[in-house]
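Below is one structure, written out as structure tokens; comments come after it.
Only a predicted model underlies this, so the values are computations on that prediction, with no experimental measurement involved. Lettering of chains follows the sequences in order, A, B, ..., and the numbering in each one begins at 1.
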Amino acid sequence: MYAQLIIQAFALFAPIVADVINKHRAANNGQMPTNEEMIAAFNAHVDESIKKADEWLKKHPGN
Amino acid sequence: MKSFIVRLTVSLGLITTLGGCAVRSAPVSLSGAGLAAWQANEVVIALDTVMNSAIALNELQICDPQCHSVLSEQNARIVVQSVRSADIVIKQFPAGYVMLATTALDQIELYLDTTGKAKLQPYLTAARVILTTLGTR
């Protein structure tokens, strides 16, 4: 089961990375993202990751 | 076990190749801060994958015969706190993503115990591969 989890994580990761532009183009009539849009997307991803970390730490306060 | 190693190797190859493709396909519309955000974004996703894996492995229970998490809470906390700290600083300084992410991965490897290191090594290796690919662009 552990091995399967690792393989799934790797299999899922690559498409996520490669898909950022495709999603943007699909939602914007094929237009490439501007610098501002890319910076906004980056900030959103970072905030999401920080939020996830905070939620986990809140559930697992430690010593 | 042999089958697992083969599949893991194939997966690592896939992630490396696709990671590289993603970098090469960075839109020509991006420059300066936009390009830095694109590259930093990939690093954030790589670090996030390491964190998600640590969280998932902490939730996963195995019994041999006593039941326990595959990854201890202490090890999961090291990963979560390191990634969180890196995220906060990368958000402020996206152009410094190589140094910041490398520091986070070094810290994780330094503080994990032997068991935790063994469990998370494939994820850490994959994150470093992606970082190297972006850093040499």
Self-check item: Student check: side-chain heavy atoms of M38(A) and L35(B) closer than 4.5 Å
Solution: no

Practice problem: Could you tell me which of S29(B), S85(B), P94(B), A36(B) has the largest number of non-hydrogen atom pairs under 4.5 Å with chain A? | Solution: S29(B)

Quiz item: Of all heavy-atom pairs between H60(A) and R77(B), which one has the smallest distance, and what is that distance?
Solution: O-NH2, 2.8 Å

Quiz item: V80(B) and L57(A): which non-hydrogen atoms are nearest, and at how many Å?
Solution: CG1-CG, 3.8 Å

Quiz item: Do I39(A) and V89(B) sit in the same hydrophobic cluster, where Ile, Leu, Val, Met, Phe, Trp and Tyr count as joined when their side-chain heavy atoms come under 4.5 Å apart?
Solution: no

Quiz item: Would a hydrophobic clustering, with Ile, Leu, Val, Met, Phe, Trp and Tyr connected at side-chain separations under 4.5 Å, put V70(B) with V50(B)?
Solution: yes

Quiz item: For S31(B), is it the side chain, the backbone, both or neither that has a heavy atom under 4.5 Å from a heavy atom of chain A?
Solution: both

Practice problem: Taking all non-hydrogen atoms of both residues into account, name the closest pair between V46(A) and V44(B) and its distance. | Solution: CG2-CG2, 3.8 Å

Quiz item: Name the one of N52(B), T49(B), D87(B) that satisfies side-chain hydrogen bond (donor to acceptor under 3.5 Å, both in side chains) with S49(A)?
Solution: D87(B)

Quiz item: Which distance, rounded to the nearest 0.5 Å, do you find between the NE2 of H45(A) and the CG of L47(B)?
Solution: 13.5 Å

Quiz item: Rounded to the nearest 0.5 Å, how far does CH2 of W56(A) lie from CZ of R84(B)?
Solution: 13.0 Å

Exercise. Please step through side-chain contact (heavy atoms from CB on, under 4.5 Å) for the pair D47(A) and K91(B), ending with a clear verdict.
Key: CA-CA 9 Å; D47(A) 288 343; K91(B) 189 179 177 185; 2.7 Å; yes

Quiz item: In terms of heavy-atom pairs under 4.5 Å with chain A, which of V79(B), I90(B), I55(B) leads?
Solution: I55(B)

Quiz prompt | Per-residue contact mode, V83(B) against chain A (heavy atom under 4.5 angstrom) | solution = side chain

Quiz prompt | Contact origin within A76(B) toward chain A - heavy atom pairs under 4.5 Å | solution = both

Quiz item: Checking heavy atoms, do the side chain of I88(B), its backbone, both or neither come under 4.5 Å from chain A?
Solution: both

